[in-house]
There are 2 protein chains.
Amino acid sequence: MVSKACEHGIRAVIYIAAQSFEGKRAKIADIVQHSGSPEAFTAKVLGELTKHRIIQSHTGPRGGFEMNAEKLKTVHIGHIVQAIDGDALYINCGLGLSQCNAMYPCPVHDKYVIIRNEIKEMHITTTIFELAMAYRSGKTVLSR
Amino acid sequence: MVSKACEHGIRAVIYIAAQSFEGKRAKIADIVQHSGSPEAFTAKVLGELTKHRIIQSHTGPRGGFEMNAEKLKTVHIGHIVQAIDGDALYINCGLGLSQCNAMYPCPVHDKYVIIRNEIKEMHITTTIFELAMAYRSGKTVLSR
DNA sequence: TTAAAATAAGATAAAAATATCCGAAATAGA
DNA sequence: TCTATTTCGGATATTTTTATCTTATTTTAA
């Protein structure tokens with residue numbers, strides 16, 4: 001569905017958001033301890049998300065990753081998927097045809113477009129903030 | 001979403017079904033010409049589908065692949081996905097957790113389960129026969 | 001000014017997915 | 001029985017994804 005890199009990224013950002021909500025920065029070692037992701041690989045992904053300005057990073061003692069108030073409010077899953085995996089999930093054909101559209105549809109086109117749009121809609125309407133709050137409250141978990 | 005192997009397999013089976021409907025067997029060279037898939041790789045996938053008794057194969061001259069009347073009626077996309085990709089798509093966690101469930105849900109669990117079930121439902125309710133008919137009529141295409 | 005604490009970036013490694021190749025086995029038909 | 005045709009099955013190759021390692025660079029507290 002989404003790549004492993006993307007899964008690691010989303011889990012990491014949820015943790016970062018939860019920390020940011022408490023005014024704390026999150027360091028890599030801390031993030032991967034709570035999200036159960038591999039450290040070096042997650043660092044790569046977070047670097048990418050920093051470039052895309054989805055999160056912010058600070059070097060040096062007391063550094064780490066954080067989300068500012070604006071990002072904390074506005075970032076949703078779709079932003080992260082887009083940054084890491086690109087838009088393949090949202091636009092690719094369900095049967096792998098490179099040019100499949102309403103004019104020349106593959107046999108599953110009509111049904112697939114509906115699902116694809118629901119996934120996109122779900123990603124866009126699911127904010128990191130709401131996920132971070134659910135994590136913070138203990139209602140949901142990030143690693144298992 | 002589904003693997004390339006699975007996409008090649010579904011397209012191939014749609015073509016085989018359309019041929020079977022006309023009482024003809026389909027050979028690999030013919031299948032890949034119409035489905036635009038790589039020959040050797042598709043042969044591998046079809047071997048797997050034969051083992052799972054989704055299609056039937058015959059060696060020798062006038063051989064090839066076919067679907068008998070019963071399979072032509074009953075096989076749906078879910079059967080092929082299950083045979084090639086297993087049930088990962090239908091049961092895996094949306095954030096990659098190995099143990100995520102209603103009791104210990106990941107932050108996207110509730111929303112993801114809905115989408116996952118819709119995909120499964122779509123796969124189960126979409127028969128190869130209906131896709132083969134849509135292909136045969138020219139309403140849909142298998143390669144582009 | 002310096003050492004500590006952190007990210008950044010590039011090289012490398014391992015694993016999985018995708019794809020190819022080729023000899024063996026089966027079969028229909030002459 | 002011989003031959004041409006076709007799938008089968010195992011070995012191999014390539015590409016992509018996932019992951020690690022090493023070194024450099026930045027920042028900041030003391």
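Here is how names work: the chains are called A, B, and so on, in the same order as the sequence lines, proteins then strands, and each is numbered from 1.
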Sequence-distant partners of B:Phe65, ring pair (Phe, Tyr, Trp, His ring centres under 6.0 Å), two or more places apart: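 Checked B:Phe65 against ring pair (Phe, Tyr, Trp, His ring centres under 6.0 Å); zero matches.
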
Side chain to side chain contact (heavy atoms under 4.5 Å, CB included) partner of B:Glu66, chosen from B:Arg25, B:Lys71, B:Gln19: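 Considering B:Arg25, B:Lys71, B:Gln19, a side chain to side chain contact (heavy atoms under 4.5 Å, CB included) with B:Glu66 is found only for B:Arg25.
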
Quick one: which protein N/O atoms are closer than 3.5 Å to N/O atoms of nucleotides 16-22 of chain D? Pair and distance per line, please.
{"unit_1": "D:dT18", "atom_1": "OP1", "unit_2": "A:Lys4", "atom_2": "N", "d": "3.0"}
{"unit_1": "D:dA19", "atom_1": "OP2", "unit_2": "A:His8", "atom_2": "NE2", "d": "2.9"}
{"unit_1": "D:dT20", "atom_1": "O4", "unit_2": "A:Lys44", "atom_2": "NZ", "d": "3.3"}

Short side-chain N/O contact from A:Thr59 to OP1 or OP2 of D:dT28, under 4.0 Å: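 For D:dT28, neither OP1 nor OP2 has a side-chain N or O of A:Thr59 closer than 4.0 Å.
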
Contact nearer the 5' end of DNA chain C, comparing A:Lys51 with A:Gly63: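 Closer to the 5' end of DNA chain C: A:Gly63.
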
A:Ser37 side chain to A:Arg11 side chain, donor-acceptor N/O pair below 3.5 angstrom: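 Their side chains do contain a donor-acceptor pair, which is all the 3.5 Å distance test asks for.
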
Donor + acceptor pair across side chains of B:His123, B:Tyr90 (<3.5 Å):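 Looking only at side-chain atoms, B:Tyr90 and B:His123 do form a donor-acceptor pair, the distance falling under 3.5 Å.
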
Salt bridge A:Glu130-B:Lys111, side-chain N to carboxylate O under 4.0 Å: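 Salt bridge present between A:Glu130 and B:Lys111.
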
Position toward the 5' end of DNA chain D (nearest nucleotide), A:Gly60 or B:Ala26: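 Here B:Ala26 is the residue nearer the 5' end.
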
A:Ile28 side-chain proximity, nearest of D:dT7, C:dT27, C:dT7: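 Of all the options, the side chain of A:Ile28 is nearest to C:dT7.
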
Atom CZ of B:Arg144 with >12 non-hydrogen neighbours under 6.0 angstrom: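 Check passes, neighbour count above 12.
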
Angle between terminal axes - the helix from C:dT1-D:dA30 to C:dA30-D:dT1, 5 pairs each end, rounded to 10°: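 The end axes of the helix from C:dT1-D:dA30 to C:dA30-D:dT1 are about 0° apart, to the nearest 10°.
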
